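Throughout, a chain's letter reflects where its sequence line sits, starting with A, and its residues are numbered from 1. Since this is a predicted model, take the numbers as computed values, not measurements. In what follows, every heavy atom counts, from backbone to side chain, and hydrogens, waters and symmetry copies are set aside.
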Amino acid sequence: MKFPIGWIAQYVELPADEEAVARAFTLSGSEVEGRERVEGETVFDFNITVNRPDCMNVFGLAREASVLLGKPLRLPETGCVETGPPVAGLTSVAVEAPDLCPRYRARVITGLRVGQSPAWMQKRLIQCGVRPINAVVDVTNYVLLEMGHPLHAFDMARLAERRVVVRRARAGETILTLDGVQRRLDPARLVIADAVRPVALAGVMGGEETGVTESSTDILLEGAVFDPVSIRRTSKSLGMHTDASHRFERGVDPEGPVAALDRAARLILDLCGGRLAKGAVDFYPAPAALPSVTLRHARLEALLGMRVPPERCASILRSLGFGLEESAPGVWRVRVPSFRVDVSREADLIEEVVRIHGLEDLPSELPSGVDPVGGRTREQALEERLRDLLWASGCNETIHMSMTDPALEAAFGEGREPARLSNPLTPAFSVLRTSLLGPMAASLARNRARGARRAALFELGRVYPRRDDGTPGESFKVAILLYADAPPARWGSPPPPGFLELKGKVESILDRLGIPASFESSEGRPFTAGSCLAVQAGPVRLGRLGALDPKALEAAGLKSGAAYGAELDLKALSPLESQPKFVPLSRFPSVVRDFSVMVDKRVPWGDLLGALRSLPLAGLRSVDLVDCYEGRGVPEGRRSVTFSLTFQAADRTLTEADVAPVADAVMGVLGPRFGATLR
Amino acid sequence: MHLERIEQIRRDFSRDVQEASTESALLEVKGRYAGKKRGLLQELMAELKTLPPEERRAFGQSVNALKEEMEAAVEAALGRIRAARNAPPPVDVTLPGIRPGLGTLHPISRVRREIEEIFLSMGYAVASGPEVEDAYHNFEALNTPADHPSRDIQDTFYLEGGLLLRTQTSPVQIRTMEARKPPIKIIAPGRVFRRDDDVSHSPMFFQVEGLVVDEGITMAHLKGTLAHFYAKLFQKEVVVRFRPSYFPFTEPSAETDLSCVLCDGSGCPVCKRTGWLEVGGCGMVDPAVFGFVGIDPERYTGFAFGLGIDRMAMLKYGIDHIRHFCDNDLRFLEQF
């Protein structure tokens, strides 16, 4: 919000050092975000927080400055001469929605000549970013900027019956607002109407037809208080945000209309002549009593952890306009001035003292004490362990947006309709992902476009599958994505990753976590049929892995290269993670017997392994695959499988006699069942 | 004449040892010359008897000296041959090493961990909560009522059906206070979402918020905690400054300024020449918030603070644009 320092300086003496002025404001809650020269003077751009509407004007800032700099505050000149007839004879105001309009005050000026406002006023308006229109409209804007209370002027000749009604709109009513837009009105909207139709959107914008122009001669000046929620709803639903609505939303001083109308009247009489009617119409049936708040000095010091002498507290509050009296030793009863709509509790008063006193002397201490729950949760610790295992295994961690493109989600997701944002920034990020692999594949495509031909990625993050009631749930997943597109060989590069490299990563990670996992064939999006495994821990599904379907990759923008992905569920993994359990080392040497068999190449290794493991071979410790070979020396349609059996007894050294029957037992099963022959 | 013979034997031996390239050849040479049974030296010693008595002593000493020389030479040659045999094949040692291919942690994860470690060491617990939130936990219970301009401070993503993507991790603080009573000392790191997209804002980014609630917690504790934290995070002495501000859920509220960690306060482009970095908001928990979670504000007080992990990572590593974090360019990821 822009205000020229020169204008503020009309109400309080400011030092020449603009830097010092900016700093004083900034350190007390009215941050000066920027500075520019407009019409030859310095204009500060203030960032005034939502809770301080009293600072959203020149006089309010001057009031702050007078407290911060210890200088006296001058008051705007509001004296005006009433030469006209009593106002009650000229107009009337009926407020039919007192819940939305607790106060409506109006003055009338007749016989004026509306011209252009003088250069000095136009300069002030321009410096604050407001466009000059004509003298009357400019005065209302000027007073809004100067004193913070929104005013509106009506051309009385255009008001049917020269009077005003404050009411809700009726069904079917419309209004042409000053911005030239014809608006249909909802019956919830508060309007200012004349005897016939709405003439203004209360607190937001006036109507085109009753606006003051250079041909107006009689005007009604409105200064009112409107319910903040109603103004906000109107403003939002019509997409209209004005200087007036901005202030009403945040809360205006209920006493504000008095001085503001007088000030405006004075200026208008000066600039346009005319006669000011005696008195003001003032609908104000229930003046709010000024709140009284108790402030305990001990509480202030205890909350801050800093000493602030009681005299200092009191002087700060008084200088800000609060009335204090000591109701008990160290306890004040504080009267809050009407322009401080943000102060109603002890905590608010403490904040007032703090921001003026400053926090430079605030000591720096560490609280003792430890959270009784403390540390990380089991699942958080598992996440971090997974991250470490994954980056150590050669993968780069990625972090993708939770929001994704619907087409990508359709290619990689679980199939149900994803949760949708109702106000996305772009369609490319308009649904919530149900798989990590989709976004990972998409950024893989971007990387490929930048020249990458190889990637090993991992990610830990949430996915948001839609629940039965339509709301998005949250599941925590860990995903791995391996990619290669015939890369140029580089010194020391490992060979391009394939299905088995992915499977190997998953196997070794689960192994390291102590999770006994098995693999079953599976299928489904986004994996290629026949190249998908479900990762199981008994009946518990941990996740799936496989070769990614080229159609899915294409949806992600990847048109060449092979990709392999795995996605596991963290919640399923967490309870299965186990500590190592020591197995005593055998004192006795093991015996290893290798076998090379020729078998039909369609026989999966898993079947051979299963058969070997089921043999009742005493002392068999492990079956290990040594090699699988097809090609030279192997007949068409068959492959050579070499494996070793390791035997060890816990209580003695095994002898040849113990191990001799093994060969027969092995071929006795592999031969008949799989047609395997010994090489 | 005999001495000549000794010299000749010495020369022959030397040559033969040089030429012996294997262990067995060497041992054969040793046997031939210094062997106990049939070595040349043995034969030589046998001739001692034929010498005149006055020459015997000198002769004997020369032969013995030669014998010791030979044995030493053979040992040395044996040592060389064995070492060479065990040595790896010659390699161009300037070639790049063959790397096992370690991957990388995302810089956000790195910085988040560092931040968590600092707070864990101060006795905090790490709390987490849903990313898809309801308006009550994200706004109302944080003293941000519906139809109030304070809701405009952050632009929110809404989901069809009325839920929203959390705009801050403060809902986790509310849920923690709903679940248990003080003492509470938590940080809540996590992703948050705001409908913002420009040079320094991303629609999704990472925050850490902290909450301490106990008897006797003061704003001085807040300052001490943040000063300690930032000094540890940036590994240097820093100055923390509070600038009074406004948040709906704290009163008093402050913006935390940190002395610029890049120029130490002298002024640079990163701190826009002010010497200060705005790092996040903080304040004493507003009693209204305690009201929503059923904590007695007369007995307990608390402080809360927030900071952006993306921002900290950009400061620590000199990253120039927030977009890099979710872009996942391999050339970016591999730098960490």
Student: As a test of understanding, state which of A:Val431, A:Thr471, A:Leu421 forms a side chain to side chain contact (heavy atoms under 4.5 Å, CB included) with B:Leu159.
Tutor: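 The option that passes is A:Leu421.
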Student: Tell me, side chain or backbone of B:Arg110 under 4.5 Å from chain A's heavy atoms, or both, or neither?
Tutor: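 It is neither, since no heavy atom gets under 4.5 Å.
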Student: Tell me, for B:Phe332 versus chain A, whether the close heavy atoms (under 4.5 Å) come from the side chain, the backbone, both or neither.
Tutor: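 No part of B:Phe332 comes within 4.5 Å of chain A.
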Student: Answer whether the closest heavy-atom distance between the side chains of A:Arg233 and B:Asp147 falls below 4.5 Å.
Tutor: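 A side-chain contact exists here, since the closest heavy-atom pair is under 4.5 Å.
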Student: With the side chain counted from C-beta on, respond yes when B:Arg180 and A:Pro372 share a heavy-atom pair under 4.5 Å apart, and no when they do not.
Tutor: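 Yes, side chains in contact.
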Student: Do side-chain atoms of B:Asn328 reach the backbone of A:Ile399 as a donor and acceptor pair under 3.5 angstrom?
Tutor: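 Side chain of B:Asn328 to backbone of A:Ile399, a donor-acceptor pair under 3.5 Å: yes, one is there.
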Student: Between B:Asp329 and A:Arg446, is the closest basic N to carboxylate O distance under 4.0 Å?
Tutor: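 So A:Arg446 does not pair with B:Asp329 through a salt bridge.
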Student: Sub-3.5 Å donor-acceptor pair from the side chain of B:Lys223 to the main-chain atoms of A:Glu365, do we have one?
Tutor: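 Looks like no, no N/O pair under 3.5 Å.
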Student: Would you call A:Arg296-B:Glu298 a salt bridge at under 4.0 Å N-O?
Tutor: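 Salt bridge: yes.
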Student: Does the side chain of A:Glu351 come within less than 4.5 Å of B:Met284's, by heavy atoms?
Tutor: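 Side-chain contact under 4.5 Å: no.
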Student: For A:Glu397 and B:Ser109, run side chain to side chain donor-acceptor pair (under 3.5 Å): C-alpha distance rounded to whole Å, both residues' side-chain angles, the deciding distance at 0.1 Å, then the answer.
Tutor: CA-CA 9 Å; A:Glu397 185 183 13; B:Ser109 291; 2.9 Å; yes
Student: Considering only heavy atoms from C-beta outward, does the side chain of A:Arg450 approach that of B:Arg331 to under 4.5 Å?
Tutor: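 A:Arg450 reaches B:Arg331 side chain to side chain.
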Student: Answer whether the closest heavy-atom distance between the side chains of B:Phe242 and A:Leu362 falls below 4.5 Å.
Tutor: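 A side-chain contact exists here, since the closest heavy-atom pair is under 4.5 Å.
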Student: Indicate yes or no: at least one non-hydrogen side-chain atom of A:Glu249 is less than 4.5 angstrom from one of B:Asp152.
Tutor: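 The answer is yes, as the side chains (C-beta and beyond) meet within the 4.5 Å cut-off.
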Student: Do any N or O atoms from the side chain of B:Arg195 and from the backbone of A:Asn423 form a donor-acceptor pair under 3.5 angstrom?
Tutor: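 Present.
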Student: Between A:Leu366 and B:Met122, is there a side-chain heavy-atom distance shorter than 4.5 Å?
Tutor: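 SC-SC contact between B:Met122 and A:Leu366 confirmed.
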Student: Should A:Leu432 and B:Val132 count as side-chain neighbours, where that means a heavy-atom distance under 4.5 Å?
Tutor: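 Yes, at least one pair of side-chain atoms sits under 4.5 Å.
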